[in-house]
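To keep things clear, I will list the structure first and then write my remarks on it.
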Protein chains: 2
Amino acid sequence: MKRNIDRRRRLGTQFPLFLLIALLCAHTSFSQKYTKYVNPFIGSSNFGATNPGAILPEGMVSVTPFNVSKAPGNRINIDEGWCSAPYIYENKVLTGFTHVNLSGVGCPDLGSILLMPTTGELQVFHGEYGTTYSDEQAAPGYYAANLDKYNIKAEMTATVRSGLSRYTFPAGQSHILLNLGLGLTNEPGSYAKIVSDTEIEGFKMNGSFCYTSDQSVFPVYFVVRFSKPADKKGFFKKIPDMPGTRGEWYQHTGKYKVYKEYQKELAGDDLGVFFSYQTEKDEVIEVQVGVSYVSIENARANLNAEQQGFAFAQVKKEAETAWEQQLSRIEVEGGSNEDKTVFYTALYHSLIHPNIFQDVNGEYSAANQSYVGKNTSGTRYNVFSMWDTYRWYGQLMTLVYPERQLNIVRSLLDFYKESGHLPKWELASRNFDVMEGDPALPTIADTWLRGLNDFDKELAYEAMIRQATRPGAENPVRHDNDFYSKNGYVPFTKKFDNSVSQALEYYAADYSLAQLAKALGKQSDYEMLMKRVEGYKKYFDPEYGLLRPVKENGEFMENFDPLQGENFEPANGFHEGTSWNYSFYIPFDMEGLIKLHGGKKNFVSRLVRSFEDSLFDVTNEPDMGYPYYFNYIKGEEWRTQAYVRSLVKNDFNASPGGIPGNDDTGTLSTWVMWSMMGIFPTCPGEPTFTLTSPVFDKVTIHLDEKYFPKKELVIETSNNNEGNIYIDKVELGSKRLRGSFISQEELLKAGKLMFYLSDKK
Amino acid sequence: MKRNIDRRRRLGTQFPLFLLIALLCAHTSFSQKYTKYVNPFIGSSNFGATNPGAILPEGMVSVTPFNVSKAPGNRINIDEGWCSAPYIYENKVLTGFTHVNLSGVGCPDLGSILLMPTTGELQVFHGEYGTTYSDEQAAPGYYAANLDKYNIKAEMTATVRSGLSRYTFPAGQSHILLNLGLGLTNEPGSYAKIVSDTEIEGFKMNGSFCYTSDQSVFPVYFVVRFSKPADKKGFFKKIPDMPGTRGEWYQHTGKYKVYKEYQKELAGDDLGVFFSYQTEKDEVIEVQVGVSYVSIENARANLNAEQQGFAFAQVKKEAETAWEQQLSRIEVEGGSNEDKTVFYTALYHSLIHPNIFQDVNGEYSAANQSYVGKNTSGTRYNVFSMWDTYRWYGQLMTLVYPERQLNIVRSLLDFYKESGHLPKWELASRNFDVMEGDPALPTIADTWLRGLNDFDKELAYEAMIRQATRPGAENPVRHDNDFYSKNGYVPFTKKFDNSVSQALEYYAADYSLAQLAKALGKQSDYEMLMKRVEGYKKYFDPEYGLLRPVKENGEFMENFDPLQGENFEPANGFHEGTSWNYSFYIPFDMEGLIKLHGGKKNFVSRLVRSFEDSLFDVTNEPDMGYPYYFNYIKGEEWRTQAYVRSLVKNDFNASPGGIPGNDDTGTLSTWVMWSMMGIFPTCPGEPTFTLTSPVFDKVTIHLDEKYFPKKELVIETSNNNEGNIYIDKVELGSKRLRGSFISQEELLKAGKLMFYLSDKK
């Protein structure tokens with residue numbers, strides 16, 4: 001998914017080499033076998049929308065520098081343009097550190113519960129207290145910067161459900177602000193209570209994600225605890241504009257008011273709390289923030305369970321260890337340092353969302369009005385950007401982190417139990433009507449078909465079939481299901497609708513479910529679904545060799561412009577792209593598509609044109625499988641190897657702009673990982689991989705023996721050097737592999753894939 | 001105190017007689033011996049600032065129609081002019097019923113926690129849902145009106161700490177809104193939680209009263225309970241204006257958003273909750289609102305203790321009984337029905353503030369940062385408008401409701417224990433720097449000197465002396481105490497300061513404390529204080545025969561204009577008035593003042609001029625004793641009798657405009673009561689009364705034998721008829737009384753005062 005109007009524009013300035021080296025070298029130590037290859041700044045520019053905040057694998061909390069307030073030096077900011085990340089690498093002015101954040105997402109939300117240390121006279125308006133910063137450092141579970149204006153060193157680390165900040169102050173008057181009014185979320189409203197000289201509790205509303213689902217809002221609860229009792233404390237709040245006489249009389253109208261005497265509890269749209277101190281030179285104050293989506297009590301319980309006392313060094317060390325453990329599931333050898341950095345940072349980014357949503361006691365905010373669910377087994381996750389992730393992200397999790405993928409599916413099924421439907425874009429147990437299709441179905445079906453099914457299978461099948469067949473009027477995801485299920489396509493009905501994009505997603509979903517139905521012997525479901533999937537052919541216009549919107553009467557939409565939709569302009573029938581970006585997205589029937597094109601030659605020539613004429617978008621998921629589609633045609637596989645290598649090399653790197661667009665919660669990251677490892681899952685619902693030439697000499701994936709027959713999967717490469725980007729031959733186990741596809745089952749049974757590379761196409 | 005710029009303008013239209021009769025006759029029954037003479041609409045026009053809401057004696061809660069939103073037909077409203085009352089009789093459009101309200105106060109505050117029943121399509125913005133109303137009825141503890149637009153009959157009654165509303169709906173879609181964004185208070189911010197289908201809880205911030213004390217804010221907690229479970233429910237909230245792209249994308253920016261799905265808890269500046277119902281014709285839904293200034297738990301406990309189930313008729317009956325009981329302390333005979341209505345409505349108004357501030361469990365919000373105090377004996381009150389009440393209001397309470405007056409003093413002393421100082425203008429345990437002087441001192445001293453001293457006397461004296469002598473820098477009430485205590489006057493230092501007004505109040509306060517010191521044998525305190533009081537003479541300018549501001553060097557301020565300050569224009573040295581309004585306010589040394597004037601003749605002629613040339617203001621407390629000052633001069637007493645009768649007759653009546661200005665929490669009401677009874681306390685700190693001709697044939701005050709020697713005090717009048725407004729002679733008990741003054745002790749010992757009236761001056 002992409003939403004930034006100009007995110008395809010690459011970062012204008014090149015990052016100087018010394019800076020890259022400095023970033024790479026930051027905070028590495030002997031024990032950092034994998035984390036030393038993680039550069040959390042990657043993706044923080046070029047609309048990658050990731051951030052360098054301190055976070056644990058699957059962490060509910062990240063402590064993230066927030067530098068997207070309107071300020072001179074912040075060209076991209078929340079007040080003036082579309083801004084979906086709490087941190088933009090090029091921005092200059094920082095206004096705090098937020099504790100709940102989204103990583104690699106195209107719509108603004110969360111980015112709230114903000115702490116900010118300052119010195120001198122108390123300033124509470126971010127437009128006044130913001131500061132430039134220097135000496136940034138970031139590593140998994142750690143971020144640090146000096147705040148120039150205040151001469152404060154700010155460091156942060158995290159546990160799963162809490163943040164920990166360490167501020168080193170100069171001598172004099174110092175303050176720590178908890179700012180609840182500033183954030184990425186567009187949902188206003190917060191509540192704060194000063195519990196004691198060392199504690200604050202409250203909640204901040206978030207939600208209305210992507211603006212479309214304005215009803216989907218949720219509170220995030222917090223407990224903030226300080227290592228030093230405040231000398232002075234109080235609230236601040238922006239007073240709304242008051243009309244007439246009241247505005248004339250009230251000095252604070254439209255301004256921030258500081259509450260120095262009142263210290264109980266406050267509610268409002270834009271408020272915060274200040275704790276003030278007289279600090280000595282280099283005095284350290286630590287601040288913990290526990291978070292929960294259930295209640296203040298749970299936020300406190302989370303904090304108490306995960307942090308005993310204030311122990312910054314220990315928490316930081318534990319965070320690093322947790323990352324080392326997770327990243328060690330895949331070992332790569334060979335490749336450059338930058339290759340490894342791209343790879344491990346991608347793996348790092350893929351382990352941020354979906355993230356743990358339940359509290360230490362198992363409670364979580366449920367997807368219905370009972371509000372509190374409780375997990376007795378497994379882990380409830382949230383942040384499911386499934387339109388993005390169903391294509392190849394889930395497949396990586398299935399292979400490398402099967403327990404995680406099972407919990408993803410279990411979370412979806414619990415969501416279904418609570419709400420009666422599977423979500424589309426899920427955040428905080430709310431469903432958001434963002435992007436197209438019904439992506440929970442291929443997410444679940446693919447996992448199941450790849451052999452992971454340790455969940456309530458009956459419920460899972462019921463949920464999927466119900467969603468696929470439920471009438472539109474009562475279907476929270478497939479509003480237009482009636483026409484589609486009857487006619488096999490989504491008709492073009494109004495200017496700039498996304499009808500073709502929508503239908504393609506339905507086909508992908510229904511195809512994956514059909515494969516599952518077939519596997520389960522549910523023949524009539526299979527046939528019903530496959531009949532729908534056939535509908536894609538209605539869109540194919542032989543005149544253009546492209547998909548073209550079709551009206552309700554079955555005729556093509558008039559005035560078709562296959563290039564409409566370039567540069568993020570809207571298009572008739574297609575979402576965030578042109579017909580070219582979508583017209584090959586038929587991975588479930590490549591044979592049929594090739595036939596429609598009039599044979600392999602036409603198909604190849606058109607697919608090649610999409611790359612050569614810049615009609616391909618490396619950041620829009622539906623076409624990101626295209627480089628692999630040459631593998632469907634014998635003799636053309638070299639094009640896959642060439643295009644994939646080229647994209648990996650040119651569109652990904654170890655700089656802040658090193659992800660070509662929204663990471664989409666790890667979707668671009670996992671694309672580059674597969675592409676560097678040499679295998680790629682082309683079609684959701686088909687438990688296979690297709691091949692390309694690996695970047696690394698050796699990749700060892702440590703498998704979970706609970707689910708898979710072998711301890712590891714090894715992908716080795718022979719003759720791997722600069723010019724040898726083409727596959728000469730491949731061996732599976734000890735046997736020569738014919739063709740470019742292999743089932744996951746065979747691959748894991750063999751446990752080893754050996755590529756022989758050459759410079760010959 | 002007065003703040004309305006043109007409140008001296010009398011209501012232009014006369015109220016037709018039939019309307020008055022209708023108002024008087026509303027809801028009277030056989031048992032309504034006294035309440036039938038209470039017309040709660042009196043004071044609701046002409047800037048009286050009282051309201052017809054349902055309330056109990058000393059009630060924490062009143063349920064009051066709120067018709068001061070900006071709307072066509074609401075000439076006086078909170079958005080366009082100064083508006084300190086939730087209800088203005090002439091206004092036309094009602095937008096709900098508020099549950100915490102101030103009565104007869106010149107600055108806006110409270111007027112919040114608003115319920116509004118509507119029908120049809122859900123509207124949540126008061127600018128849209130407002131309605132005209134008809135068939136208003138009001139009686140002590142009861143208010144009713146028909147809401148024209150919705151065909152709803154709305155009735156309300158109250159207990160001490162809770163409200164009860166009964167809405168009779170038509171058939172169809174109906175709603176009950178809890179609107180926390182709309183109110184008189186200028187302090188924004190509220191929190192609401194939907195507890196169940198029948199209950200809401202939360203708090204609303206209030207405070208910043210009179211704008212001056214912006215730090216004095218406080219939450220009011222509530223629990224709202226419905227007799228019928230909601231069919232649908234949710235929140236609504238005004239979304240602040242969002243800048244740039246966010247504003248373009250978010251449909252709700254700057255508008256009210258209705259939250260139909262999210263039903264947990266919400267915080268913000270302008271929000272509310274809706275409960276929706278499908279109602280049948282004439283279906284009744286009752287709504288209870290429990291209130292506390294301590295916590296939600298206490299609000300619930302208050303509600304549970306004071307209302308068992310939904311029992312509108314019973315609660316209404318109990319409210320009436322409570323009022324009958326309180327009003328029966330004074331029985332009047334003779335006089336017209338309108339005289340009795342003016343009198344009993346005044347008594348009613350005098351029992352609204354100060355009001356009970358503690359919860360059923362004795363807890364209350366304390367005047368410091370510990371927040372929760374607990375009363376084990378007595379009653380904690382709040383709403384002390386003491387600049388107004390110390391002059392003659394407290395004296396009426398002392399005589400008629402001594403237990404109430406003792407609790408007033410005890411509340412002040414508890415405030416002192418909690419905060420280290422006595423308050424000036426107290427609301428919700430917050431001190432507000434409103435008006436002049438140090439009015440807690442004469443409040444306590446006068447009570448004590450009149451023989452009521454069942455409180456911590458040592459603490460009381462300590463508190464008063466401390467406040468009188470504490471240096472200005474650390475004195476929260478007497479900021480300018482240093483110069484004053486050294487030089488005996490407050491110097492004119494800048495344009496439009498209130499220096500003379502301020503000094504006059506200090507003199508009154510210090511004089512009363514001096515009298516107490518003398519009575520306690522504390523001679524040095526007495527002398528120190530009396531020396532200060534002498535300072536008033538510095539202000540007397542023989543050239544004008546008036547008080548004139550004096551500079552720090554002891555010289556008169558230049559360019560003195562004795563008429564500056566008319567029509568609520570600002571004046572140099574005087575607050576809300578001219579030099580004429582203040583120049584005779586030396587009740588503590590009338591003899592000295594007369595001497596300064598060059599003798600009785602000059603004094604009388606100037607005092608007469610103040611009445612004859614409209615230099616007297618019947619609504620500004622410092623001069624409201626002037627009509628009685630003729631009693632200080634033998635042979636001139638008839639002028640007192642004439643002026644008092646004239647003011648009673650011309651400035652007070654039984655219409656909505658029947659109080660000439662802000663009632664000042666019962667101060668104007670008790671002035672007219674004394675004046676109708678024939679006795680008046682002229683100088684705080686002197687436990688005496690001066691006399692005028694009573695309006696009634698007989699007044700019986702039932703005394704509390706715990707504090708006073710007799711069961712009752714009877715004031716009888718002989719020869720009382722239209723023309724006989726002059727006192728011929730007076731008998732105290734069986735003895736002829738010489739002069740126009742009598743000590744309270746003598747009066748109560750005798751138990752009877754007999755006036756013989758005639759038409760002779």
Side-chain angles (χ1 to χ4, degrees), chain A residues 5 70 77-83 108 180 186-192 202-205 207-208 210-211 213-219 234-235 237-247 249-253 257-271 365 369 371 430, chain B residues 70 77-83 108 180 186-192 202-205 207-208 210-219 234-235 237-247 249-253 257-271 365 369 371 430:
Chain A
I5 200 153
K70 183 177 171 184
N77 67 67
I78 52 174
D79 283 354
E80 294 176 321
W82 187 285
C83 178
L180 302 170
N186 294 312
E187 185 62 30
S190 52
Y191 159 82
F203 69 83
K204 164 78 187 93
M205 294 302 299
S208 297
C210 278
Y211 303 101
S213 299
D214 66 321
Q215 294 293 313
S216 295
V217 301
F218 52 91
F235 297 96
K237 171 167 170 167
K238 189 172 184 190
I239 302 297
D241 282 321
M242 295 163 81
T245 308
R246 293 190 293 161
W249 274 81
Y250 200 41
Q251 55 169 314
H252 299 293
T253 183
K257 169 174 169 179
V258 177
Y259 297 71
K260 291 182 177 169
E261 292 177 12
Y262 175 70
Q263 311 201 338
K264 195 175 179 185
E265 54 192 335
L266 200 64
D269 288 330
D270 184 351
L271 64 82
S365 173
Q369 294 305 335
Y371 291 116
R430 302 287 181 270
Chain B
K70 183 178 172 184
N77 67 66
I78 52 174
D79 283 355
E80 294 176 321
W82 187 284
C83 178
L180 302 170
N186 294 311
E187 185 62 30
S190 52
Y191 159 82
F203 69 83
K204 165 78 187 92
M205 293 302 298
S208 297
C210 277
Y211 303 101
T212 50
S213 300
D214 66 320
Q215 293 294 314
S216 296
V217 301
F218 52 91
F235 297 96
K237 171 167 168 165
K238 189 173 183 189
I239 302 297
D241 282 320
M242 295 163 82
T245 308
R246 292 191 294 161
W249 275 81
Y250 200 43
Q251 55 169 314
H252 299 293
T253 182
K257 168 174 170 179
V258 177
Y259 297 72
K260 290 183 177 169
E261 292 177 13
Y262 176 70
Q263 310 201 338
K264 195 175 179 186
E265 55 193 334
L266 201 65
D269 288 329
D270 184 351
L271 63 81
S365 173
Q369 295 305 335
Y371 291 116
R430 303 287 182 270

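Protein chains get the first letters and strands the later ones, always in sequence-line order, with residue 1 at the start of each.
The CD atom of Gln251(B) lies 9.0 Å from the OG atom of Ser208(A); values are rounded to the nearest 0.5 Å. Taking CG of Asp269(B) as the start and CG of Leu271(A) as the end, the distance is 8.0 Å to the nearest 0.5 Å. To the nearest 0.5 Å, atoms CG (Asp214(B)) and OH (Tyr259(A)) are separated by 8.5 Å. Rounding to the nearest 0.5 Å gives a distance of 7.0 Å between CG of Leu266(B) and CD of Glu187(A). Going from atom CD of Gln215(A) over to atom NZ of Lys257(B) covers 6.5 Å, rounded to the nearest 0.5 Å. The distance from atom OH of Tyr211(B) to atom OG1 of Thr245(A), rounded to the nearest 0.5 Å, is 7.0 Å.
In this structure, Phe203(B) and Glu265(A) have side chains that are in contact, with non-hydrogen atoms separated by less than 4.5 Å.
The choice from Ser190(A), Gly202(A), Gly234(A) that makes the most heavy-atom pairs within less than 4.5 Å of chain B is Ser190(A). Of the listed residues Ser216(B), Gly189(B), Pro188(B), the one with more heavy-atom pairs under 4.5 angstrom with chain A than any other is Pro188(B). Of the residues considered (Gly207(B), Pro108(B), Gly244(B), Gly81(B)), Gly81(B) shows the highest number of contacts with chain A, using heavy-atom pairs under 4.5 Å.
In this structure, the side-chain contact (heavy atoms from CB on, under 4.5 Å) partners of Lys238(B), at least two apart in sequence or on a different chain, are Tyr256(B), Asp270(B). For Lys264(B), the side-chain contact (heavy atoms from CB on, under 4.5 Å) partners two or more places apart in sequence, or in a different chain, are Pro219(A), Tyr221(A), Tyr371(A), Tyr262(B).
Heavy atoms of Lys70(B) lying under 4.5 Å from chain A are absent altogether. Using a 4.5 Å cut-off between heavy atoms, Ile78(B) touches chain A through backbone and side chain atoms alike. Using a 4.5 Å cut-off between heavy atoms, Glu80(A) touches chain B through its backbone atoms (N, CA, C, O) alone.
Note on ring orientation: taking the six-membered ring where Trp is involved, the planes of Trp82(A) and Trp249(B) are perpendicular (angle over 60°, cut-offs 30° and 60°).
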